[in-house]
Trainee: 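Following this message is one structure expressed as structure tokens.
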Amino acid sequence: MVGFHRTQSLLSCEGVPLDTVADAVGTPLHIYSRAVLLTRFRELDVAFVDYPHDLHYAIKANATLAVVREMRAAGAHADANSGGEIDVALRAGFSPDQIVFTGVGKTHDELVRAVTLGVKAINAESPGEMERIDAIARAHGICARVAVRINPDVDAGSHPHISTGHRSNKFGMTAARAHAMVTSMAAREHLKVVGLHVHVGSQITSVDPLRLAVAAIVDLATTLAAEGIALEHLDVGGGLGIAYQPGQATLTVDEYAAAVLTAVRHTGLRLVLEPGRWIAGPAGVLLTRVVDLKAQEDGRWFVIVDAGMTDLIRPALYGAWHGIDVVAPRDGAEIDCDVVGPVCESSDILGQARRLPPVAVGDLLAVRDTGAYGAIMASNYNRRPVAAEVLVDGNDWRVVRRRQTIDDMLQWDE
Ligand code: LLP
């Protein structure tokens with residue numbers, strides 16, 4: 001069976017009961033379903049099947065090597081957002097021509113690496129960055145492939161922290177400025193503008209922001225083509241949201257593909273997509289054990305668990321909602337509770353105002369949809385070691401990232 005489901009009453013991942021892994025590896029623990037990763041990658045890929053496209057998996061969503069390798073084996077290309085992510089991509093087996101390098105604030109060293117590797121495109125965020133790429137390429141006697149990131153001044157309708165396409169955000173540049181820049185740089189010997197890029201935010205659940213974003217780069221590509229500047233691809237970024245809450249309205253992949261392809265098709269340009277969350281989010285859960293139960297004054301409970309904001313920061317940072325399930329539910333009256341972590345911050349809440357089956361100290365909980373922006377956003381705050389990660393494949397499972405030890409954590413200290 002694909003993904004997370006109950007066998008009898010016990011929560012399992014594919015053929016593996018979650019308590020088996022928790023007993024063997026300890027908690028907190030991130031568990032990923034290989035089948036979910038692959039099924040979702042394929043579903044997205046199939047939605048675009050009738051148009052030339054490449055799915056560049058956004059490594060930032062989950063950069064664990066085993067996960068990135070699964071994406072490569074499935075046929076993905078890579079979207080890297082730092083020198084570190086370029087290295088992850090290379091170690092996972094991607095070739096430079098399968099990597100797009102995105103992100104604001106690329107350092108000189110990162111640009112040198114990307115230019116000399118010959119990545120498929122460096123998504124340039126500013127005229128200054130274009131000049132720096134040009135200078136590096138000239139110094140190395142090579143031609144750098146760049147795409148220009150447009151800021152279309154669109155409200156993604158997502159949380160402000162993860163909306164990137166408004167003019168007040170640091171990302172990209174206006175289409176007008178990009179147009180002037182590309183035309184003025186068209187004759188540069190060491191710079192080839194191969195594409196346009198846009199990404200207006202993450203966890204987008206309605207079609208309009210995406211449609212407007214794609215339209216912005218399609219319009220500019222059309223203008224440039226009329227002026228004799230031919231591009232190779234249009235990079236529409238990532239951003240497709242998932243339903244964290246039961247019944248939450250989201251876009252289907254088919255609605256998403258229809259919106260993108262309707263806008264892009266007439267250009268004939270190859271389509272690049274950078275999906276992260278939609279593929280990896282539902283593929284993971286965070287397993288945690290109850291360490292204490294404390295009655296609140298109003299009759300509700302604090303369920304205090306061994307995972308906190310250091311293992312999953314999304315609720316604290318964005319007020320994000322993640323489903324929480326008891327792995328082996330007991331009979332009895334449900335309780336009203338806040339599920340909180342052990343970190344010294346009142347924002348260290350994994351789930352507020354929840355109703356759960358009765359729980360006891362030692363019981364296992366699974367925090368749902370943590371495969372994207374979960375483990376990768378971990379920190380050592382309160383000197384808490386980073387959790388282990390496990391990949392489940394059918395009836396088999398293996399640790400793909402071991403738990404950090406106290407010695408690991410302290411080894412950088414002089
Ligand atoms: N491309 C670019 C240029 C991006 O900035 C991002 C995400 C993606 C692709 C992938 O977007 P996705 O398909 O995953 O939505 N930590 C936040 C999400 C930050 C997203 C940053 N950029 C969270 O936990 O919700």
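Both ligands and their constituent atoms are indexed starting at 1 by order of listing. This chain uses plain numbering: 1 for the first residue, then up along the sequence. Keep in mind that what you see is a predicted model, and the values were worked out from it rather than measured. Values below: every heavy atom of this structure, side chains too, minus hydrogens, waters and symmetry copies.
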Trainee: For atom 21 (C) of ligand 1, what is the closest protein heavy atom, and at what distance to 0.1 Å?
Mentor: Lys60 CD, 3.7 Å

Trainee: Which residue, Lys60, His197, His77, forms the side-chain hydrogen bond (donor to acceptor under 3.5 Å, both in side chains) with Glu274?
Mentor: His197

Trainee: Counting only heavy atoms, which portion of Arg314 has something under 4.0 Å from ligand 1: side chain, backbone, both, or neither?
Mentor: side chain

Trainee: Might you work through the salt bridge (Lys or Arg N to Asp or Glu O under 4.0 Å) test for Asp87 and Arg113, ending with a clear yes or no?
Mentor: CA-CA 10 Å; Asp87 277 303; Arg113 183 136 168 77; 2.5 Å; yes

Trainee: Are a donor atom and an acceptor atom from the side chains of Thr310 and Arg384 found within less than 3.5 Å of each other?
Mentor: yes

Trainee: Only heavy atoms of Ala58, strictly under 4.0 Å: list the atoms of ligand 1 that pass.
Mentor: 10 (C)

Trainee: Looking just at side-chain N and O atoms, do His56 and Lys120 make a donor-acceptor pair shorter than 3.5 Å?
Mentor: yes

Trainee: Just wondering, more than 12 heavy atoms not from Glu189 lying within 6.0 Å of its CD?
Mentor: no

Trainee: By number and element, which atoms of ligand 1 are closer than 4.0 Å to a non-hydrogen atom of Asp79?
Mentor: 1 (N), 9 (C)

Trainee: Please could you name the atoms of ligand 1 that Glu274 approaches to less than 4.0 Å, counting only its heavy atoms?
Mentor: 1 (N), 2 (C), 3 (C), 8 (C), 9 (C), 10 (C), 13 (O)

Trainee: Could you verify whether a donor N or O on one side chain and an acceptor N or O on the other, from Thr222 and Asp219, lie under 3.5 Å apart?
Mentor: no

Trainee: Does Trp278 have a non-hydrogen atom less than 4.0 Å from ligand 1?
Mentor: no

Trainee: Test your reading of the structure: does Thr102 have an N or O sitting under 3.5 Å from an N or O of ligand 1?
Mentor: no

Trainee: Tell me, which protein residue and heavy-atom name are nearest atom 25 (O) of ligand 1, and how many Å apart are they?
Mentor: Arg277 NH2, 2.8 Å

Trainee: May I ask you to identify the nearest protein heavy atom to atom 15 (O) of ligand 1, giving residue, atom name and distance to one decimal place in Å?
Mentor: Ser202 OG, 2.4 Å

Trainee: Check this for me - ligand 1, Tyr373, N or O atoms closer than 3.5 angstrom, yes or no?
Mentor: yes

Trainee: Is the shortest distance from a heavy atom of Ala61 to ligand 1 less than 4.0 Å?
Mentor: no

Trainee: Looking only at protein heavy atoms, identify the closest one to atom 19 (C) of ligand 1 and say how far it is in Å.
Mentor: Ile162 CG2, 3.8 Å

Trainee: Taking the side chain from Ser126 and the backbone from Glu129, do they hold a donor-acceptor pair closer than 3.5 Å?
Mentor: yes

Trainee: Classify the ring geometry of Phe48 against His53: parallel below 30°, tilted from 30° to 60°, perpendicular beyond 60°.
Mentor: tilted

Trainee: At what distance is the nearest protein heavy atom to atom 17 (C) of ligand 1, and which residue and atom is it?
Mentor: Tyr318 OH, 3.1 Å

Trainee: When rounded to the nearest 0.5 angstrom, what distance separates CG in Asp134 from CG in Leu111?
Mentor: 12.0 Å

Trainee: Which of the numbered atoms in ligand 1 are below 4.0 angstrom from a heavy atom of Pro275?
Mentor: 13 (O)

Trainee: Would you say CZ of Arg6 has more than 12 non-hydrogen atoms from neighbouring residues, nucleotides or ligands within 6.0 angstrom?
Mentor: yes

Trainee: Could you check atom 8 (C) of ligand 1 against the protein and tell me its nearest heavy-atom contact, residue, atom and distance included?
Mentor: His199 CE1, 3.4 Å

Trainee: Provide the number and element of each atom of ligand 1 under 4.0 Å from a heavy atom of Gly276.
Mentor: 12 (P), 13 (O), 14 (O)

Trainee: Side chains of Thr252 and Asp254: is there a donor and an acceptor less than 3.5 Å apart?
Mentor: no

Trainee: I need the atoms of ligand 1 closer than 4.0 Å to a non-hydrogen atom of Met377, numbered in the order shown.
Mentor: 16 (N)

